[in-house]
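Input: a single structure, listed below in structure tokens.
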Amino acid sequence: MITPESAVRTLYFENGSLMLLDQRRLPHDVAYIRCGTSRDVVDAVVKMVVRGAPAIGIAAAYGVVLAVADAFERAGPRWRETAAADIEALRNARPTAVNLGWALDAMVATFADAPDDPRAYVLREATTLQERDLADNIAMGAHGAAFIAPGSGVLTHCNAGALATAGYGTALGVIRSAYTGGCVGQVYATETRPWLQGARLTAWELHEDGIPVMLIADSAAAALMREGKISWVITGADRVAANGDVANKIGTYSLALCARAHGVRFMVAAPCSTIDPATAEGAAIVIEQRDGDELLDFRGTRIAAPGVTAYNPVFDVTPAELIDVLVTEKGAIERPQRDAIAAMLER
Ligand code: MRU
């Protein structure tokens with residue numbers, strides 16, 4: 001039986017610290033690191049101890065809790081001004097996932113109502129964001145699963161699961177829900193080079209839940225589609241522009257092109273906190289570039305010849321016209337476009 005509780009615990013706050021499951025070490029080591037300051041949280045986000053758009057946002061909300069506690073101890077009633085620099089550092093930790101800035105703005109908006117000693121109050125607000133994300137994923141799972149016919153083959157990219165959220169997952173929430181309803185015959189997880197979120201995280205998460213998952217090389221996707229093994233590609237998102245263009249893990253765009261060429265349907269599952277009305281279209285989304293060593297090395301061993309350089313953009317943009325269904329906690333939009341997305345956000 002798959003329940004939100006059966007999935008792995010990605011992050012929790014305990015004894016004044018944020019505990020993060022160290023995703024760099026999965027699946028072989030299940031180990032947590034303790035963040036006692038907001039600077040520790042920035043470091044953990046930059047180094048991808050925690051990753052995935054909603055999880056980054058929730059970690060940042062707890063980073064605000066730590067920043068406020070420190071500012072209150074140092075500056076008493078002037079804690080708001082004192083915490084501002086730490087909050088700015090959190091905002092700059094990674095550029096593409098809008099949930100980071102969204103969560104920080106949501107936390108700062110609550111400051112106006114904080115009591116003289118804000119510490120317990122901000123912790124409650126961060127906990128509320130975390131609980132809401134889990135509830136949103138369960139709702140999203142049900143909305144998305146309604147599209148999946150019994151016995152479907154489903155392909156997912158990167159990790160948009162419990163590990164990337166407060167639990168249950170976005171794309172993997174849809175897959176969990178559809179599997180529970182008897183509608184998923186086989187899941188294919190792409191390796192997701194170079195960081196291997198699919199091989200290390202998604203395959204592990206689904207296997208732990210007893211959902212049939214097969215790992216495939218990223219480059220195998222088109223061939224599987226031509227063989228008729230896949231009915232749906234289901235991914236998460238890091239930022240959905242106002243017109244429906246979607247930034248997600250590098251390789252998502254090529255999967256969407258392949259899916260369209262083979263009559264395979266393409267679904268994006270993301271909470272409304274991933275939709276960014278301030279970004280008009282995908283071309284305006286900042287794409288994170290990471291160190292070329294992620295490509296040139298494998299687990300500390302150089303693969304490429306000495307002197308070879310690498311280009312490593314870690315997200316790409318899929319145009320809205322390649323997306324068949326956008327699912328949020330509020331419902332699903334087929335062939336997402338600007339007006340329908342704006343109307344969904346208003347609901
Ligand atoms: O670099 P990552 O691992 O943070 O990238 C994660 C993704 O691209 C996910 O698909 C996205 O954040 C959605 S997670 C629910």
Side-chain angles (χ1 to χ4, degrees), residues 3-5 7-23 30-47 49-94 97-139 162-169 271-274 329:
T3 65
E5 292 74 30
V8 63
R9 206 173 176 201
T10 303
L11 76 183
Y12 59 96
F13 199 84
E14 182 183 77
N15 299 330
S17 294
L18 175 63
M19 303 299 294
L20 294 174
L21 178 58
D22 190 344
Q23 301 198 22
V30 178
Y32 286 82
I33 70 156
R34 181 180 292 276
C35 297
T37 68
S38 69
R39 272 91 58 205
D40 294 341
V41 179
V42 172
D43 197 48
V45 171
V46 170
K47 293 184 174 152
V49 170
V50 60
R51 34 64 52 203
I56 291 170
I58 297 160
Y62 285 114
V64 172
V65 173
L66 296 169
V68 167
D70 177 58
F72 184 69
E73 275 151 33
R74 290 193 289 126
R78 294 184 48 77
W79 61 267
R80 290 179 182 80
E81 302 86 300
T82 307
D86 285 343
I87 294 172
E88 234 11 67
L90 286 162
R91 195 178 295 278
N92 296 326
R94 287 188 79 188
V98 70
N99 304 63
L100 174 59
W102 176 89
L104 294 173
D105 291 343
M107 290 298 290
V108 170
T110 70
F111 286 2
D113 299 324
D116 289 347
D117 180 343
R119 290 173 291 188
Y121 170 88
V122 290
L123 177 56
R124 261 196 318 279
E125 294 297 332
T127 307
T128 302
L129 282 191
Q130 183 175 6
E131 289 168 355
R132 200 191 309 155
D133 186 65
L134 178 58
D136 287 350
N137 290 339
I138 293 165
L163 290 165
T165 63
Y168 204 62
C272 288
S273 54
T274 303
E329 70 276 18

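Residues: numbered from 1 along the sequence shown.
In this structure, Leu163 CG and Arg9 CZ are separated by 14.0 Å, a value rounded to the nearest 0.5 Å. Rounding to the nearest 0.5 Å places CG of Leu11 at 11.5 Å from CD1 of Ile56. To the nearest 0.5 Å, atom CZ of residue Arg39 and atom CG of residue Asp86 are 5.0 Å apart. Interatomic distance, CG of Leu129 versus CH2 of Trp102, reported as 5.0 Å (0.5 Å rounding). Expressed to the nearest 0.5 Å, how far CH2 of Trp79 lies from CG of Asp70 amounts to 13.0 Å. With rounding to the nearest 0.5 angstrom, the OH atom of Tyr62 is 11.0 Å from the CG atom of Leu20.
The pair Asp22-Lys47 does not count as a salt bridge, with every side-chain nitrogen at least 4.0 angstrom from each carboxylate oxygen.
In plain terms, the two heavy atoms of Val65 and Ala126 that are nearest each other are CG2-CB, 3.7 Å. The shortest non-hydrogen separation linking Ala59 to Val50 is CB-CG1, 4.1 Å. Here the closest non-hydrogen pair linking Ala83 and Ala67 is CB-O, 4.0 Å. Of all the heavy atoms in Ala44 and Cys35, the pair that sits closest is CB-SG, 4.3 Å. In terms of heavy-atom proximity, Ala55 sits nearest to Thr165 at CB-N, 3.7 Å. The minimum heavy-atom distance linking Ala93 with Val46 is given by the pair O-CG2, 3.6 Å.
For the pair Thr10 (side chain) and Ala164 (backbone), a donor-acceptor distance under 3.5 Å is absent. Proximity of a side-chain donor or acceptor of Arg80 to a complementary backbone N or O of Phe111 within less than 3.5 Å is detected.
With sequence neighbours excluded, the residues that form a side chain to side chain donor-acceptor pair (under 3.5 Å) with Thr274 are Asn99. For Thr82, the side-chain contact (heavy atoms from CB on, under 4.5 Å) partners are Ala71, Arg74, Ala75, Arg78, not counting sequence neighbours. Residues passing the ring-ring contact (aromatic ring centres under 6.0 Å, His included) test with Tyr121: none are found, sequence neighbours excluded. Arg124 is linked by a side chain to side chain donor-acceptor pair (under 3.5 Å) to nothing, counting only residues two or more places apart in sequence or in another chain. Remark: Thr37 pairs with Asp40 by the side chain to side chain donor-acceptor pair (under 3.5 Å) rule, at least two apart or across chains. Annotation: side-chain contact (heavy atoms from CB on, under 4.5 Å) contacts of Ala166 (sequence neighbours excluded): Ile58, Gln130, Asp133, Leu134.
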Next item on the list: Under the side-chain contact (heavy atoms from CB on, under 4.5 Å) rule, what do Leu104 and Met107 come out as? Steps first, then yes or no, please.
Entry: CA-CA 5 Å; Leu104 294 173; Met107 290 298 290; 5.8 Å; no

Next item on the list: Could you walk me through whether Arg51 and Arg94 pass the side-chain contact (heavy atoms from CB on, under 4.5 Å) test, one step at a time?
Entry: CA-CA 10 Å; Arg51 34 64 52 203; Arg94 287 188 79 188; 3.8 Å; yes

